[in-house]
S.K.: 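Pasting a structure here, questions to come.
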Amino acid sequence: MRSKSEAAFESAKAVMPGGVNSPVRAYRAVGGTPFFADKGEGPYLWDIDGNRYVDYLLSWGPLIWGHAHPEIVKAVTEAAVKGTSFGVPTELETRMARLVVDIVPSVDVVRMVNSGTEATMSALRLARAFTKRPCIVKFEGCYHGHADSLLVKAGSGVATFGLPDSPGVTPQTAEGTLTVPYNDIPAIEALFEQRGEQIAAVIVEPVAGNMGCIRPKDGFLQKLRALTQEYGALLIFDEVMTGFRVALGGAQARFGIQPDLTTMGKVIGAGLPVGAYGGRRDIMAMVAPEGPVYQAGTLSGNPLAMAAGVVALEMLKNAAAGGLYDRMQDYGQKLVETFVAEGKRRGIPVSGHAIGGMFGLFFRDASPENYEQASQCDKERYAQFFHAMLNNGVSFAPSQLESGFLSAVHGETELNLTQEAMVSAFRQVG
Ligand SMILES: *Cc1c(COP(=O)(O)O)cnc(C)c1O
């Protein structure tokens, strides 16, 4: 029963484009009506009709401490009482920056912003300024927020001049964005051979999470590091999703690679609007007011967001020492095993994998390695599975081409609930 949500969606559509403030929330990929959230607690989310869900969307990644964690709520509440924004520096900002610098291996200096989009947009501007070069390289199917130069998809071939992915992005803007398939080492080598002197930076999701959850092949990230170094380009790890999630220090800690710049978001704000970019001191020294590259924000370093982030990161530091990231991966692995076993039993092609606090479930015989393979996944079956799971009280992302997320507060009870729901859901997958 979701009649209240259905009515709420109708009201919303009258006053917001598609009824939502971010397109994926409208369920276009799976059909049906999104449920409207009433409240969350730990691993659970309740809709306005009173249905409860075990939540694996987790606000699209930020909620590694689950919903309404008491320590985070307390920190935000205490901060709010003292004032919600000042426009002058606070010590909280320095505490936050210190934590990020200590935790993320390649970050010497960091600037806080308000979203992942702002972080990547700013990092690219900085990379162009630092290298005095015009072009950036991104990978097909990687999402880096909605800045104009990043809304570009690839054509076919080894590398193409970018074509805008959205009306309103000018061809001139898109032209500076070169794209190659994810995990394709020969393609990136060929691109550098052709255009290496023009490339300011390669930006990559070190574990891709926006075309399903896709792991980097062995040697792929190492190759990006070597090529960028050879040609004098910068390597930007977009860790907006993977940061503090696939390992405490992000993918760069997990794979032992030092990018020049790192973008962060999601987990770093524990559910409040935060992003950040940081990296090598000599590069970050170009950011205003220390250097000439302009970038600013009225609400950047907001005290509520910093209070939440500081507590979340401090708790993660402790939990990581106690094995949190292995525990999340074990949990994800068990979900994947049940998913794959149930699919196979019914002769349905399925695959999946888990990495730290992320996982991917695919209706395809093998986990995809790039966007082309990801787009071959069976969308119909995912839609059936998704709605059956929802009806069984489990909320996954409303598209297979998104990652699943785990939290520190998902435990045995939720795992069992989810596995049982899966067994039953597969009866409705044709
Ligand atoms: C979510 C995401 C972004 C965009 O972050 P917003 O806060 O939504 O602007 C950028 N890069 C990656 C890898 C993301 O997952």
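Remember, it's 1-based here, ligands and their atoms both numbered in the order they're listed.
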S.K.: Which ligand 1 atoms does E205 reach within 4.0 Å, using its non-hydrogen atoms?
M.R.: 13 (C)
S.K.: Which part of H144 is near ligand 1, with near meaning a heavy atom under 4.0 Å away: side chain, backbone, both or neither?
M.R.: backbone
S.K.: What protein heavy atom sits nearest atom 3 (C) of ligand 1, and how far off is it?
M.R.: V240 CG1, 3.7 Å
S.K.: For the residue pair R225 and T228, confirm or rule out a side-chain donor-acceptor distance under 3.5 Å.
M.R.: yes
S.K.: Is atom 5 (O) of ligand 1 near the protein, in the sense that some protein heavy atom lies at less than 4.0 Å from it?
M.R.: yes
S.K.: When you compare the side chains of Q295 and R111, does any donor N or O come within less than 3.5 Å of an acceptor on the partner?
M.R.: yes
S.K.: List every atom of ligand 1 that sits less than 4.0 Å from any heavy atom of M241, numbering the atoms from 1 in the order shown and giving each element.
M.R.: 15 (O)
S.K.: Would you please classify the geometry between the Y382 ring and the F385 ring as parallel, tilted or perpendicular, with 30° and 60° separating the classes?
M.R.: tilted
S.K.: Assess the residue pair E239 and R254 against the criterion (salt bridge (Lys or Arg N to Asp or Glu O under 4.0 Å)); give the C-alpha distance rounded to whole Å, side-chain angles, the decisive distance to 0.1 Å, and a yes or no.
M.R.: CA-CA 12 Å; E239 299 232 40; R254 191 169 178 120; over 6 Å; no
S.K.: Can you find an N/O atom of T120 closer than 3.5 Å to an N/O atom of ligand 1?
M.R.: no
S.K.: If the contact criterion is a heavy-atom separation under 4.0 Å, does K266 count as touching ligand 1?
M.R.: yes
S.K.: Check T242 against ligand 1 and report side chain, backbone, both or neither, counting heavy atoms closer than 4.0 Å.
M.R.: neither
S.K.: Should the ring pair Y331 and Y56 be called parallel, tilted or perpendicular, given that the plane angle runs from 0 to 90° and is split at 30 and 60?
M.R.: tilted
S.K.: Which ligand 1 atoms are under 4.0 Å away from a heavy-atom of G116?
M.R.: 4 (C), 5 (O), 6 (P), 7 (O), 9 (O)
S.K.: State whether Y44 and R52 meet the cation-pi test: NZ (Lys) or CZ (Arg) under 6.0 Å from the six-membered ring centroid, and within 45° of the perpendicular axis.
M.R.: yes
S.K.: Compute whether any side-chain donor of one residue and acceptor of the other, for E91 and T94, lie under 3.5 angstrom apart.
M.R.: no
S.K.: Using a 4.0 Å cut-off to any heavy atom of D238, which atoms of ligand 1 qualify?
M.R.: 10 (C), 11 (N), 12 (C), 13 (C)
S.K.: Under 3.5 Å, N or O to N or O, is T117 touching ligand 1 that way?
M.R.: yes
S.K.: Show me which atoms of ligand 1 lie under 4.0 Å from any heavy atom of S115.
M.R.: 7 (O), 9 (O)
S.K.: Examine distances only and state if a side-chain atom of E414 and a backbone atom of H410 form a donor-acceptor pair shorter than 3.5 Å.
M.R.: no
